[in-house]
Amino acid sequence: MEKKIDIKGLGLKELEEKLTSEGFQSFRARQIFHWLYQQKVSSFQKMTNLPKKLLSWLDFVFTIEQMKCIKILKSRDGSAKFLFQLNDDQLIESVLIRNKKRNTICISSQVGCLWNCLFCASGKGGFKRNLLTGEIVEQVLSVQRLTRENIHNIVFMGMGEPFNNYNNVMKSIQIINSKHGMDIGARKITISTCGIIPGIVKLTEYPMQIELSVSLHAADDKTRSALMPVNHKYPLKELVNTCKQYVRKKNRQVTFEYLMLKGMNDSVEQANKLSRLIMDFDVKVNLIIYNPIDNQTNLLPSGEEEIAIFQKILKENGVPVTIRYSKGQDINAACGQLRNGYIDYTW
Ligand code: SAH
């Protein structure tokens, strides 16, 4: 017998096709979606409005996989980090960020990361594997089941590079966005990339209004390559031009993330360089306070004064800019800190 597959790996269309090819009616797929993503049931038997014959077929072909949550760390600021164990014992993390009445969940797209940015913990242990569609979706479901909180926004800013797992990430977004699935609007879903040009090009052609965030972190190739090895493959000018195309064709704004690192990328000159690079199209800059990840790098967060001056220059140059204060620092759940501190966990 073939191995059963996780039903959460299927988009609505795929499930409809599978059902009709077995002689079931296609509207059953919408009912199944409702049970999975709105009722969040853990077994087919709980899908009480489905015919017996369909239930036994579902049970025969599919499973409803759940991830084991082995640790929840709660931050003083209300956010919480969830450590999940996958079927092959790999570990991933998701973070719930509470902000007034809007909850955001920061989810992972890969186990580890290929790119090994100097400042980020996720790449330090190397790349292990892509997450399956079901594993991406299940992070949202698990956190909802565990906390009973509503989720309003989804950001792909956890572990991994979403554009290196394009197909599974996009399928998970379809499920999250579907009104029969989790029904979260496309504009409430953000993909953050370290600058994978082919991914941005594909997203430009993709018929959905998903938010795009690009981790820039430097305004010249030398600095960026020193911080982010991905810049050797996808250099700054090409990256920015690709973003320009995205903004022009999609008529959407791009957010550039810029990590403020003392003495590396936070000078007046670099603020002006950054402005010149991006001032002629619809962008927003998010200045990020660096969260130290270990003692191995000499990176330090910029001082308050440097950050204020940097922000002022961008503003004067007409570039919209905000400062992002990360949450969850006390539990290693802040940006770039995921995958940090496992050794401290006991389970
Ligand atoms: N691979 C994607 C998504 C993961 S990182 C990307 O690179 O965008 C999400 C954001 O956290 C990125 O902007 C990343 O640069 C930032 N980040 C990484 N390490 C950080 C650290 N130590 N402190 C603050 N932000 C960090």
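Keep in mind that what you see is a predicted model, and the values were worked out from it rather than measured. All ligand and atom numbering here is 1-based and tracks the order in the structure.
For ligand 1, the polar-atom distance check against Tyr290 finds no nitrogen or oxygen pair separated by under 3.5 Å. The shortest N/O to N/O separation between Gly160 and ligand 1 falls below 3.5 Å.
The Ile293 neighbourhood of ligand 1 comprises atoms 22 (N), with distances under 4.0 Å to a heavy atom of that residue. For ligand 1, the atoms closer than 4.0 angstrom to any heavy atom of Ile289 are 24 (C).
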Between side-chain atoms of residues 109-117 and protein atoms elsewhere (two or more places apart, or another chain), which donor-acceptor pairs fall under 3.5 Å?
{"unit_1": "Gln110", "atom_1": "OE1", "unit_2": "Glu161", "atom_2": "N", "d": "2.9"}
{"unit_1": "Gln110", "atom_1": "NE2", "unit_2": "Asn130", "atom_2": "OD1", "d": "2.8"}
{"unit_1": "Trp115", "atom_1": "NE1", "unit_2": "Asn164", "atom_2": "OD1", "d": "2.6"}

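By heavy-atom distance, the residue among Cys120, Gly195, Ser215, Pro292 lying nearest atom 6 (C) of ligand 1 is Ser215. Of the candidates Asn286, Leu259, Asn164, the one placing a heavy atom closest to atom 24 (C) of ligand 1 is Leu259.
Here His217 has side-chain heavy atoms under 4.0 Å from ligand 1, and that is the only part of it that gets that close. Only the backbone of Thr193 comes within contact range of ligand 1, with a heavy atom under 4.0 Å; no side-chain atom does. Of the heavy atoms in Trp115, none comes closer than 4.0 Å to ligand 1.
Ion pairing of Lys222 with Asp220 is absent here, as no side-chain N (NZ or NE/NH1/NH2) approaches a carboxylate O to less than 4.0 Å.
The side chain to side chain donor-acceptor pair (under 3.5 Å) test applied to Asp89 returns Gln85, not counting sequence neighbours.
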